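Beneath this line is the structure, given in structure tokens, with notes to follow.
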Amino acid sequence: MPRALPWTSAPTGEGSTRRRILDTARVLFAEHGYPGTSVRLIARTLGMSDPAVYYHFPTKQALYRSLLIEPEYGELPLDRLPLTRQNLVEQVVHLFGWWAARPEFGRMLLREQLTGQEASMAFMETSYEPWRREVERPLGVLLGIGGVDASEMLYDMMCGIFWDGILSHGDRFTEMTLEDAFQRRLRAMVQLAIPGPLEEEA
Amino acid sequence: MSSPSSSSPGRGRDDTRRRILEAARELFGTEGFDCTTVRQIASAVGITDAALYYHFKSKREILTAIWDLPLDGGVGRRRPDGAFSNEQLDGLVDASLDFTIGNDRLLRLMAREILAGDQTALALRLQSRAVMRRALRAHLLTTHEAEEAEIKTEAIIALLTGTSMKTQLSAGPSFPADVDVRVYRERTRRWVRALARLDDHEAC
């Protein structure tokens with residue numbers, strides 16, 4: 001049985017079955033890949049019948065696509081703090097935290113992206129949108145013309161930290177990211193990637 | 001099985017073994033490990049299934065043998081020579097890029113196998129990263145304090161991982177043919193230089 005996932009609240013009624021199917025499917029897709037996960041396996045894992053799953057999702061592909069939602073990052077540091085380099089570092093760390101809490105989601109995506117599956121490839125673009133809004137724009141305000149380039153570099157570096165984490169450590173990566181040493185190093189790396197003085201601003 | 005022109009049976013055997021590994025690497029990389037059959041590998045090499053089983057007991061054993069191929073792109077042989085310069089840094093970046101460009105299929109396969117829980121592939125990945133990490137750190141330590149060298153090493157490795165994976169994933173199966181390798185290389189060098197800030201460091 002898949003364990004409960006920390007970032008999903010448990011809504012009641014009709015929504016909760018749908019939610020349970022999605023949560024279970026995410027874990028199974030991450031574990032067995034898209035081709036290796038049948039609707040039957042998802043249904044059996046949940047103790048449901050196949051038709052009960054099909055009631056919510058007409059096809060396996062529709063179910064997979066429902067998992068590819070644009071990240072919801074919630075309230076961000078720059079929503080309440082002035083735009084400084086230091087606060088932008090916090091903004092990037094906040095976005096990274098969303099992904100760090102979801103290694104299964106990352107594994108599920110990466111597995112299919114490595115085989116060139118269309119839906120997961122298209123999602124690479126979708127997931128860049130919030131980054132463009134929440135990091136690239138403020139970077140542009142701070143740096144002017146160099147903002148886009150700095151943003152792309154920083155994005156690739158953050159992807160590298162995440163991919164390396166889920167490849168090397170699997171689901172244990174989430175816990176590791178919560179350690180003080182990791183948090184300190186992460187901030188120092190992000191700061192390094194944003195042009196400007198290395199010392200903290202006064 | 002062994003080619004009639006080979007002077008010794010031993011060499012023919014090695015050659016067949018090598019051809020099996022090359023064909024398997026190609027097929028595993030395109031079709032995936034699970035979807036590739038031993039028959040497909042044998043027919044790609046032009047031998048019978050039975051002949052293939054003479055060299056490898058199972059498909060899994062072929063995969064394990066593939067992982068024995070060298071995997072650090074020669075980065076591990078580079079030793080620091082004087083104060084770390086941008087040109088030396090470019091050299092390390094090039095070695096890493098050349099390796100990822102030349103081994104796209106193998107690296108994809110390795111990542112997929114790791115995600116599917118293959119411990120051999122994971123150990124290999126960790127080992128090749130340790131080599132890269134050691135080389136970068138040794139170079140940075142010629143001009144940096146330990147803690148700063150550590151941060152920069154991690155940042156550069158993360159950037160190289162992210163940018164090469166993203167470039168390879170975005171290009172799909174047409175990598176590297178459909179990628180302007182010169183632009184990709186220039187951009188990566190420039191970004192890694194920006195992270196390393198070697199000029200900054202000398203000025204301080």
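This one's a predicted model, so the numbers in the text were calculated from it and none came from an experiment. In what follows, chains carry the letters A, B, and so on, assigned in the order in which the sequence lines appear, proteins first and then strands, with residues in each chain numbered from 1.
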In terms of heavy-atom proximity below 4.5 Å to chain B, should [X] be classed as side chain, backbone, both, or neither?
{"X": "Leu186(A)", "value": "neither"}
{"X": "Pro35(A)", "value": "neither"}
{"X": "Met121(A)", "value": "side chain"}
{"X": "Ala30(A)", "value": "backbone"}
{"X": "Phe162(A)", "value": "neither"}

Contacting moiety of Ser164(B), where chain A heavy atoms sit under 4.5 Å: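 Interface part for Ser164(B): neither.
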
Measure distances from Leu195(B) to the heavy atoms of chain A and classify the residue's part below 4.5 Å as side chain, backbone, both or neither.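 Its backbone and side chain both get close to chain A.
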
Chain B contacts, top residue of [options] (heavy-atom pairs, under 4.5 Å):
{"options": "Met189(A), Arg184(A), Met124(A)", "value": "Met189(A)"}
{"options": "His32(A), Arg107(A), Arg185(A), Gln113(A)", "value": "Arg185(A)"}
{"options": "Glu31(A), Met158(A), Glu152(A)", "value": "Glu152(A)"}

With distance as the sole test, does Lys59(B) use its side chain to make a donor-acceptor pair with the main-chain N or O of Val38(B) at under 3.5 Å?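 No; zero donor-acceptor contacts below 3.5 Å.
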
Keeping Lys152(B) on the side-chain end and Leu192(A) on the backbone end, is there a donor-acceptor pair under 3.5 Å?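 Judged by distance alone, no pair lies under 3.5 Å.
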
Quick one: of Ile114(B), Thr161(B), Ile151(B), who has the most non-hydrogen atom pairs under 4.5 Å with chain A?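 The candidate making the most pairs under 4.5 Å is Ile151(B).
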
[X] atom [atom1], over 12 foreign heavy atoms within 6.0 Å:
{"X": "Asp81(B)", "atom1": "CG", "result": "no"}
{"X": "Arg60(B)", "atom1": "CZ", "result": "yes"}
{"X": "Glu125(A)", "atom1": "CD", "result": "no"}

Would you say that His56(A) contacts Leu63(A) through its side chain, given a criterion of any heavy-atom pair below 4.5 Å between the two side chains?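 When only atoms from C-beta onward are counted, Leu63(A) and His56(A) do not touch, as no gap falls below 4.5 Å.
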
Taking only Lys NZ, Arg NE, NH1 and NH2, and the carboxylate oxygens of Asp or Glu, determine whether Arg193(B) and Asp90(B) approach each other closer than 4.0 Å.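 A salt bridge is present here (some side-chain N lies under 4.0 Å from a carboxylate O).
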
Have a look at Asp118(B) and tell me which of Leu115(B), Thr120(B), Leu122(B) forms a side chain to side chain contact (heavy atoms under 4.5 Å, CB included) with it.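 Between Asp118(B) and the candidates, side chain to side chain contact (heavy atoms under 4.5 Å, CB included) is satisfied uniquely by Thr120(B).
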
